[in-house]
Amino acid sequence: MSVNVDALKCIGCMACEMVCGYHRDDAFALLSSSILLYRAREKKDYFGLVIKAEDALVVARPEGLEVNKIGVAEPESDSGPKKEADASAKPMLLREACDLCDGMKYGPMCVKICPVDAISVAEGGE
Ligand code: SF4
Ligand code: SF4
């Protein structure tokens with residue numbers, strides 16, 4: 001099982017990020033969160049989320065889902081040299097992977113708190 005995000009529903013409130021930090025540290029510690037909101041400066045109301053999974057960084061954007069396996073290099077392309085899939089996401093890589101809020105009484109906290117039901121638990125996946 002894994003958390004699944006529908007970025008088209010996201011309103012950028014950051015509640016998921018705060019509650020995940022709370023699950024980790026019993027405080028609103030954003031740097032401990034396994035889920036991270038990002039906003040695109042060039043686009044208004046454009047939100048995406050990055051989730052640290054056990055072996056991948058899952059990026060949920062309005063355009064769709066992208067799974068970047070940690071430590072796996074992308075194939076060489078005509079546009080440039082090989083690059084590590086995780087090269088631009090080092091701080092996120094240092095965080096604990098989502099454990100679906102193991103041990104929390106009410107289950108996955110981000111799913112419970114999202115005001116627009118943008119997060120759900122999916123069977124299988126990353
Ligand atoms: S399910 Fe729990 S550990 Fe996983 S991202 Fe959501 S709040 Fe964080
Ligand atoms: S709680 Fe829901 S609406 Fe708020 S940032 Fe997270 S996914 Fe987006």
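Only heavy atoms go into these numbers, but all of them, side chains included; no hydrogens, no water, no symmetry mates. Read the numbers this way: they start at 1 and go in the same order the structure lists the ligands and their atoms.
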| message | Please determine whether salt bridge (charged side-chain N to carboxylate O under 4.0 Å, His left out) holds for the pair Lys52 and Glu96, giving the CA-CA distance in whole Å, both sets of side-chain angles, and the decisive distance to 0.1 Å. | response | CA-CA 7 Å; Lys52 169 79 185 297; Glu96 288 183 68; over 6 Å; no
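- Residue Ile51 places no heavy atom under 4.0 Å from ligand 1.
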| task | In sequence, state the C-alpha distance, the side-chain angles, and the governing distance for Asp102 and His23, and then conclude on side-chain hydrogen bond (donor to acceptor under 3.5 Å, both in side chains). | result | CA-CA 9 Å; Asp102 188 31; His23 161 53; over 6 Å; no
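- Among protein heavy atoms, the minimum distance from atom 8 (Fe) of ligand 1 is reached at Cys20 SG, 2.2 Å.
- Residue-ligand proximity, Ile119 to ligand 2, at heavy-atom distances under 4.0 Å covers atoms 7 (S).
- Within the 4.0 Å heavy-atom criterion, neither part of Ile113 lies near ligand 2.
- Atoms of ligand 1 lying under 4.0 Å from at least one heavy atom of Asp99, given by number and element, are 3 (S).
- In this structure, atom 2 (Fe) of ligand 1 lies nearest to the protein heavy atom Cys101 SG, 2.3 Å.
- Below 4.0 Å from some heavy atom of Ile11 lie the following atoms of ligand 2, by number and element: 3 (S), 8 (Fe).
- When hydrophobic clusters are built by joining Ile, Leu, Val, Met, Phe, Trp and Tyr residues whose side-chain heavy atoms come closer than 4.5 Å, directly or via intermediates, Ile35 is grouped together with Phe47.
- Looking at Cys13 and Pro115, their side chains come closer than 4.5 Å, going by heavy atoms from C-beta outward.
- Within 6.0 Å of OH in Tyr46 there are more than 12 heavy atoms belonging to other residues, nucleotides or ligands.
- Every atom of ligand 2 with a heavy atom of Leu49 under 4.0 Å away is listed here by number and element: 7 (S).
- Close approach to Val3 involves these atoms of ligand 1, each under 4.0 Å from a residue heavy atom: 1 (S).
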| task | Report the C-alpha distance between Asp117 and Lys9 in whole Å, list the side-chain angles of each, state the deciding distance to 0.1 Å, and finish with yes or no for salt bridge (charged side-chain N to carboxylate O under 4.0 Å, His left out). | result | CA-CA 8 Å; Asp117 293 329; Lys9 290 184 177 174; over 6 Å; no
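- Look at Cys16 and atom 6 (Fe) of ligand 2: an N/O/S atom of the residue is under 2.8 Å from the metal.
- Linking Ile, Leu, Val, Met, Phe, Trp and Tyr residues whenever their side-chain heavy atoms come within less than 4.5 Å leaves Leu31 and Leu36 in two separate clusters.
- Looking only at heavy atoms of the protein, atom 6 (Fe) of ligand 1 is closest to Cys110 SG, 2.3 Å.
- Although no hydrogens or angles enter the test, the distance criterion places a donor-acceptor pair under 3.5 Å between the side chain of Glu17 and the main chain of Leu37.
- Note on Cys114: not counted as a metal contact of atom 8 (Fe) of ligand 2, no N/O/S atom lying under 2.8 Å.
- In the hydrophobic clustering of this structure, Val50 does not group with Ile11; members are Ile, Leu, Val, Met, Phe, Trp, Tyr whose side-chain heavy atoms approach within less than 4.5 Å, directly or through other members.
- For residue His23, no N/O/S atom approaches atom 4 (Fe) of ligand 1 to within less than 2.8 Å.
- Atoms of ligand 2 lying under 4.0 Å from any heavy atom of Cys10, numbered from 1 in the order shown and given with element: 3 (S), 5 (S), 7 (S), 8 (Fe).
- In this structure, Met104 CE and Cys20 SG are separated by 9.0 Å, a value rounded to the nearest 0.5 Å.
- Hydrophobic clustering (ILVMFWY, side-chain heavy atoms < 4.5 Å, transitive): Ile119 and Met14 are in one cluster.
- Counting heavy atoms only, Cys13 comes closest to atom 4 (Fe) of ligand 2 of the residues Ala15, Ala118, Gly48, Cys13.
- Heavy atoms of Val5 found under 4.0 angstrom from ligand 2: none, in either backbone or side chain.
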| query | Between Asn4 and Leu65, is a side-chain contact (heavy atoms from CB on, under 4.5 Å) present by the stated rule, with each step listed? | reply | CA-CA 9 Å; Asn4 188 39; Leu65 206 66; 4.1 Å; yes
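- When non-hydrogen atoms are compared, ligand 2 lies under 4.0 Å from the backbone of Met14 (N, CA, C, O) but not from its side chain.
- Applying the 4.0 Å criterion to heavy atoms of Leu100 picks out, from ligand 1, the atoms 1 (S), 4 (Fe).
- Within the 4.0 Å heavy-atom criterion, the part of Val116 lying near ligand 2 is the side chain and not the backbone.
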